[in-house]
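Reckoned from all heavy atoms, side chains included, excluding hydrogens, waters and symmetry mates.
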Amino acid sequence: MRDTEEALFRTVHGIARRFAGQPVPVVMEALLRHLPKAPGLEVTEIRKIAEEISVGRDPSGL
């Protein structure tokens, strides 16, 4: 489980660096394409992450 969480955080961090300030749909597409499958990761949560990245925040904590 720890490996999955680390992969999620690293992926979110990378997307946040590349897509900061982009429209939410663009960020959502990138997240849905690149995030590894993880139990409990719902589309609503991914949208919240996309919204954070869209306004220039990095929700990964890295």
Side-chain angles (χ1 to χ4, degrees):
M1 182 72 166
R2 180 160 166 72
D3 291 338
T4 302
E5 288 178 6
E6 186 173 333
L8 287 171
F9 288 127
R10 290 197 182 284
T11 302
V12 168
H13 178 68
I15 291 171
R17 292 187 69 195
R18 288 190 307 259
F19 291 89
Q22 296 294 314
V24 172
V26 173
V27 180
M28 276 286 293
E29 182 181 329
L31 287 168
L32 290 171
R33 200 173 9 170
H34 296 288
L35 281 176
K37 299 291 183 201
L41 187 60
E42 304 288 331
V43 173
T44 54
E45 187 174 349
I46 294 171
R47 178 160 183 87
K48 290 177 187 177
I49 294 168
E51 290 169 351
E52 290 286 313
I53 293 170
S54 182
V55 296
R57 295 188 191 115
D58 180 356
S60 72
L62 298 177

Which residues pass the side-chain contact (heavy atoms from CB on, under 4.5 Å) test with A50, not counting sequence neighbours?
V24, V27, M28, L31
Residues that R57 engages under side-chain contact (heavy atoms from CB on, under 4.5 Å), provided they are two or more places apart
E52, V55
Out of curiosity, R10 CZ to E5 CD, how far, rounded to the nearest 0.5 Å?
13.0 Å
Can you tell me how far apart NE2 (H13) and CD1 (I53) are? Round to the nearest 0.5 Å.
10.5 Å
Sub-3.5 Å donor-acceptor pair from the side chain of S54 to the main-chain atoms of G21, do we have one?
no
Taking only distance into account, with no hydrogens and no angle test, what donor-acceptor pairs under 3.5 Å do side-chain atoms of residues 32-48 form with protein atoms, sequence neighbours excluded?
unit_1: R47; atom_1: NE; unit_2: E51; atom_2: OE2; d: 3.3

